[in-house]
Engineer: 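One structure, pasted below without further comment.
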Amino acid sequence: MRKNELPENYEELKKSVNRSSNWRERLDAIDELGQYKHAKVIDVLTNVMNHDPVVKVQDAAHRTLKKFGEHVEAPARKKGEPVKGVNKILLRIKKSLPEGHSYEEFKEKLKKMRLDVYDTYEGNKGTDFDKWLEQTWAELNK
């Protein structure tokens, strides 16, 4: 770990850690930032820990801050949906598709129209994502 220095690509990593449509990229950026104990990195990671919608990303930022020796509490688990109004968003997408469309068509349109929503739920649901999304899709309009 390098103390009091910033990575050469700090600005790029800062953008990556805030990119809402790719939780895996955010994890990678946290991992790389975790090699540099610097006040700016600590600020970025604290913000991610407290505000990222994906629990895995929050936890990675928390672990990195602890590794730096920061006295931080584990991020509070927010109750409710990570994306406000997600059912309205999903219903709008479903209604935009032709009657009789498949779940796969719905999933692809969600990915194209709202990658941020897709990514947040994929990151939080993990292996249960497809099951959750298909069930939610089936229940929309009922």
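Everything quoted here is computed from the prediction, not taken from an experiment.
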Engineer: Between N50 and Q58, do the side chains contain an N or O donor and an N or O acceptor separated by less than 3.5 Å?
Structural biologist: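 Side chains of N50 and Q58: no pair found under 3.5 Å.
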Engineer: Tell me whether W23 is reachable from V55 by hopping between hydrophobic residues (I, L, V, M, F, W, Y) whose side-chain heavy atoms are closer than 4.5 Å.
Structural biologist: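 V55 and W23: separate clusters.
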Engineer: Kindly check if the number of other-residue, nucleotide or ligand heavy atoms within 6.0 Å of NZ (K40) is above 12?
Structural biologist: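 No.
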Engineer: Using a 4.5 Å cut-off on heavy atoms from C-beta on, say whether the side chain of T64 contacts that of L33.
Structural biologist: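 Counting from C-beta outward, L33 and T64 never come under 4.5 Å.
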Engineer: From the options L110, T136, L140, select the one residue that forms a side chain to side chain contact (heavy atoms under 4.5 Å, CB included) with K94.
Structural biologist: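 For K94, the side chain to side chain contact (heavy atoms under 4.5 Å, CB included) test succeeds with only one of L110, T136, L140, which is L140.
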Engineer: Checking Y36 against N4: is there a side-chain donor and acceptor pair closer than 3.5 Å?
Structural biologist: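 Their side chains do not contain a donor-acceptor pair, so the 3.5 Å distance test is not met.
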Engineer: Give the minimum heavy-atom separation between A61 and V48, together with the two atoms involved.
Structural biologist: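 That closest heavy-atom pairing would be CB-CG1, 4.0 Å.
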Engineer: Can you measure from CG (D52) to CG (N47) and round to the nearest 0.5 angstrom?
Structural biologist: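 Here the rounded value is 9.0 Å.
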Engineer: Taking side chain as C-beta onward, heavy atoms only, is L13 less than 4.5 Å from P7?
Structural biologist: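 Counting from C-beta outward, L13 and P7 do come under 4.5 Å.
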Engineer: So, do V86 and L90 sit near enough that their side-chain heavy atoms are less than 4.5 Å apart?
Structural biologist: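 They are in side-chain contact.
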Engineer: On a heavy-atom basis, which atom in R114 and which in I89 lie closest, and how many Å separate them?
Structural biologist: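 Smallest heavy-atom distance, with atoms named: NH1-CD1, 3.5 Å.
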Engineer: Taking the side chain from K37 and the backbone from F68, do they hold a donor-acceptor pair closer than 3.5 Å?
Structural biologist: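 Pair found, side chain donor or acceptor close to backbone of F68.
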Engineer: Are D28 and S16 packed together at the side-chain level, in the sense that at least one heavy-atom pair is separated by less than 4.5 angstrom?
Structural biologist: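 A side-chain contact is absent here, since even the closest heavy-atom pair is not under 4.5 Å.
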Engineer: Hey, what do you get for CG (L65) to NE2 (H71), rounding to the nearest 0.5 Å?
Structural biologist: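 These two atoms lie 12.0 Å from each other.
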Engineer: Could you tell me the separation between the CD1 atom of I93 and the CD atom of E108, rounded to the nearest 0.5 Å?
Structural biologist: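 So the gap between those two atoms works out to 12.0 Å.
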Engineer: So S20 and D119, do their side chains get closer than 4.5 Å, heavy atoms only?
Structural biologist: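 Of all side-chain heavy-atom pairs linking S20 with D119, none is under 4.5 Å.
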Engineer: Kindly compute the distance separating CG (D116) from OH (Y121), expressed to the nearest 0.5 Å.
Structural biologist: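 Interatomic distance, D116 CG to Y121 OH, rounded to 0.5 Å: 10.5 Å.
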Engineer: Please confirm whether K107 makes a cation-pi placement over W137, using NZ or CZ under 6.0 Å from the six-membered ring centre and within 45° of the ring normal.
Structural biologist: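 Cation-pi check for K107 and W137: fails.
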Engineer: Thinking salt bridges, do K14 and D43 make one under a 4.0 Å N-O criterion?
Structural biologist: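 Not counted as a salt bridge, because no side-chain N and carboxylate O are separated by less than 4.0 Å.
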Engineer: Check A60 against L27 and note the closest heavy-atom contact, atom names and distance.
Structural biologist: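 That closest heavy-atom pairing would be CB-CD2, 3.5 Å.
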Engineer: One pair to check against side-chain contact (heavy atoms from CB on, under 4.5 Å): K95 and R92. What are the steps and the verdict?
Structural biologist: CA-CA 5 Å; K95 285 182 173 182; R92 202 172 302 126; 5.9 Å; no
Engineer: Verify the neighbour count for atom NZ of K109: are there more than 12 heavy atoms of other residues, nucleotides or ligands below 6.0 Å?
Structural biologist: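 Check passes, neighbour count above 12.
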Engineer: Hey, is the main chain of S102 close enough, under 3.5 Å, to the side chain of E105 for a donor-acceptor pair?
Structural biologist: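 Yes, the answer is positive, given that a donor and an acceptor are paired below the 3.5 Å cut-off.
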Engineer: Does any non-hydrogen side-chain atom of N124 lie less than 4.5 Å from one of T120?
Structural biologist: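 The answer is yes, as the side chains (C-beta and beyond) meet within the 4.5 Å cut-off.
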Engineer: Drop me the distance from E139's CD to L91's CG, to the nearest 0.5 angstrom.
Structural biologist: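 With rounding to 0.5 Å, CD (E139) is 12.5 Å from CG (L91).
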Engineer: Look at the side chain of N9 and the backbone N and O of E12, then say whether any donor-acceptor pair between them is shorter than 3.5 Å.
Structural biologist: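 Side chain of N9 to backbone of E12, a donor-acceptor pair under 3.5 Å: no, none is there.
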Engineer: Keeping H101 on the side-chain end and P98 on the backbone end, is there a donor-acceptor pair under 3.5 Å?
Structural biologist: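 Yes; at least one donor-acceptor contact below 3.5 Å.
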Engineer: Closest approach of E122 and R24, non-hydrogen atoms and distance?
Structural biologist: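 Between these two residues, the closest heavy atoms are OE1-NH1, 3.2 Å.
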Engineer: For the atom pair CD1 (I30) and NE2 (H62), what is the distance rounded to the nearest 0.5 Å?
Structural biologist: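 Atom-to-atom, I30:CD1 and H62:NE2 are 12.5 Å apart.
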Engineer: Indicate yes or no for a side-chain donor-acceptor contact from R26 to the backbone of R19 under 3.5 Å, with no hydrogens or angles considered.
Structural biologist: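 Checking the backbone N and O of R19 against the side chain of R26, a donor-acceptor pair under 3.5 Å is found.
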